[in-house]
Amino acid sequence: MEKQTTIASSCLFLLYITTFTVAEVLEAHHHLHQHNIHGSVKLFVFGDSYVDTGNIRKSVSPSWKEPYGITFPGKPAGRFSNGRVLTDYIASFLGIRSPVPYALRKFVKKSKLESGMNFAFGGTGVFDTLVSGPNLTTQIDFFEHLLQQKVYAKNDVIKSSIALVSVAGNNYAAHFGRPGNDTKDLAMFTKSIIKQLTVDLKRIHDLGVQKIAVTTIEPLGCLPSITSFLSYQNCNEFANMASMFHNQILLQKLEELNKETKNSAFVDLDLYNAFISAVKPPKHHQGYSTFQINTLKPCCVGVSNEYSCGSVDQTGAKKYIVCDNPDVSFFWDTVHPSQNGWHEVYAAIKPSLHQLCS
C-alpha cells in the first residue's frame, strides 16, 4: 500500500500539467525536481536507441555527431534524434528528470541519480545483434549490480520504481542481415525473442520494480530504411506483418505475466499503432499549410547511398542534408523518429501511461 501511495503521489502532478505545452511541462518538471519532493518515482530504462540518452560510445555512433541534438539539447548528446526521445517524454510524464545514462553514472553528482538510471544502448537487442553492446540480459545485470552495491536501496526501489523496456527491433535487423536466414525461420525466431524477453521482464520485477512499461515494436515496414525502396510512398506490408506477429505474442505473454503477479505490473505501450497513426500520408501542419508533409521520408539523410545522417568525408565536409522543417517531420533519420515524431507517439500512448500510476 505504501508503494502505491508513493507512485500515485508523484503522478498527482499530472493533473496540474495537462493543459501545458511540452516546453512548459518540461520546465515545470524541472522546477518540481529542484524542490526534491520526497518519494518521487525512479525510472529505470532498458533497451535500444529508441530510449538511449547517451550510453552508446562516441567512437561508434553518429548520435554524438552533428546534426543530432540540434533541437535539444542544442548539440549532439547521444540521443538518436534531433531532440528528445521516448525516455525523455515518459520521464516528463512522471515529473522527473530524464534518468542519467549508465555510462555517465560516475561523472555526475549522486543527487542526479535520484531519478533512476538509463541502461539502454543503441543498436542492442534481446539477444546480441550486429552492433557491439550489452544485450537486455546484460543491462539487467548492470541494474542488479547497482542494487548489490546499494547505489539504490532495495526497499526504495520496491516502493517507488518504474521500468521502461523498449527492445527487439534490432534483433530483426540482425536476423535478416545474417546470410542464410529467411522468412521461413521468422516465426521460430520471434518465439525465441519473446521467450527470452519474458524471462528478462520477470527478472526486472523480481528485483523489486513494481511497474514495468513494455513497448510493442514499431511497424518495421514503415521505417525509411525500408520505405526508401518504395520511394517513401508506402510501407512494406510483409515487414509490418512481422511486427504484428511479434506484438501479438508479446501481448499474450504480458497478459500471462499480469495474471502471475496479480497486480497488473506489466503495461504495454503500443508503439506500433502510434507510428501507424502518425505516418498516414498526406499530412498538413499548422503554419505549413501550403504543402503536404511526407511522413515516411526522413529529415536527415546522406547525400548518397554510401553516406548517412551525420556523415562527413576525410576533410570533415558534411555528407548529409537536413530538411527545412525538422519540427514537423516524423522521422529524423532512416530508423529513428524526430523529437516531433516522439511527441506524436507520446500523445498516442499517454492514456496507457496512467496505468503506471495505479
Just do the side-chain contact (heavy atoms from CB on, under 4.5 Å) check on W332 and I70 with the steps written out, would you? CA-CA 11 Å; W332 169 243; I70 58 172; 3.9 Å; yes
From CA spacing to verdict: side-chain contact (heavy atoms from CB on, under 4.5 Å), K319, V312: CA-CA 5 Å; K319 290 296 179 179; V312 296; 5.7 Å; no
How far does [atom1] of [X] sit from [atom2] of [Y], to the nearest 0.5 angstrom?
X	Y	atom1	atom2	answer
C235	F275	SG	CZ	11.0 Å
N155	I158	CG	CD1	6.0 Å
S308	D333	OG	CG	8.0 Å
L271	L269	CG	CG	6.5 Å
R84	I90	CZ	CD1	14.5 Å
L220	Y272	CG	OH	9.0 Å

Are [X] and [Y] connected, step by step, through hydrophobic side chains (Ile, Leu, Val, Met, Phe, Trp, Tyr) whose heavy atoms are closer than 4.5 Å?
X	Y	result
F72	Y50	no
L257	V167	yes
Y307	Y320	no
F331	I276	no
L43	V108	yes

What closest approach, in Å, do [X] and [Y] show between heavy atoms, and which atom pair accounts for it?
X	Y	result
C357	F93	SG-CE2, 4.1 Å
S81	Q339	OG-N, 3.3 Å
I204	A163	CG2-CB, 4.0 Å
G116	F44	CA-CE2, 3.9 Å
V209	S161	CA-OG, 3.4 Å
A239	N236	N-OD1, 2.9 Å

Indicate yes or no for a side-chain donor-acceptor contact from [X] to the backbone of [Y] under 3.5 Å, with no hydrogens or angles considered.
X	Y	result
T190	L186	yes
T87	V51	yes
N135	F127	no
N55	A120	yes
K65	K58	no
S98	A91	no
N247	S243	yes
N325	D327	no
N294	Q233	no
S338	S329	yes

Please tell me if the side chains of [X] and [Y] come closer than 4.5 Å, counting only heavy atoms from C-beta onward.
X	Y	value
V165	I212	yes
P62	Y68	yes
N170	V126	no
W64	I56	yes
K42	I162	no
V85	T53	yes
Y346	L353	yes
W342	D88	no

Could you walk me through whether K253 and E256 pass the salt bridge (Lys or Arg N to Asp or Glu O under 4.0 Å) test, one step at a time? CA-CA 5 Å; K253 290 297 181 181; E256 291 175 12; 3.6 Å; yes
Parallel, tilted or perpendicular for F80 and H336, by the 30°/60° rule? tilted
Centroid-to-centroid, Y152 to F143, below 6.0 Å? no
Measuring centre to centre across the rings, with the benzene-like ring taken for any Trp, is Y172 within less than 6.0 Å of F189? yes
With a 2.5 Å cut-off on the SG atoms, do C309 and C300 make it? yes
Audit row: E144, R203, salt bridge (Lys or Arg N to Asp or Glu O under 4.0 Å) steps and yes/no: CA-CA 10 Å; E144 185 170 12; R203 185 178 168 206; 2.7 Å; yes
Donor-acceptor side-chain pairing of S166 and T215 below 3.5 angstrom: yes
Is the number of heavy atoms from other residues, nucleotides or ligands under 6.0 Å of Q196 CD greater than 12? yes
Could you check whether atom CG of D206 has more than 12 heavy atoms from other residues, nucleotides or ligands sitting under 6.0 Å from it? yes
Quick one, D200 with T137, criterion side-chain hydrogen bond (donor to acceptor under 3.5 Å, both in side chains). Give me CA distance, side-chain angles, the key distance, then yes/no. CA-CA 6 Å; D200 290 333; T137 301; 3.2 Å; yes
Please assess L136 against F119 for the test side-chain contact (heavy atoms from CB on, under 4.5 Å), listing each intermediate value before the final yes or no. CA-CA 9 Å; L136 180 58; F119 301 94; over 6 Å; no
Audit row: L296, T227, side-chain contact (heavy atoms from CB on, under 4.5 Å) steps and yes/no: CA-CA 7 Å; L296 294 175; T227 62; 4.2 Å; yes
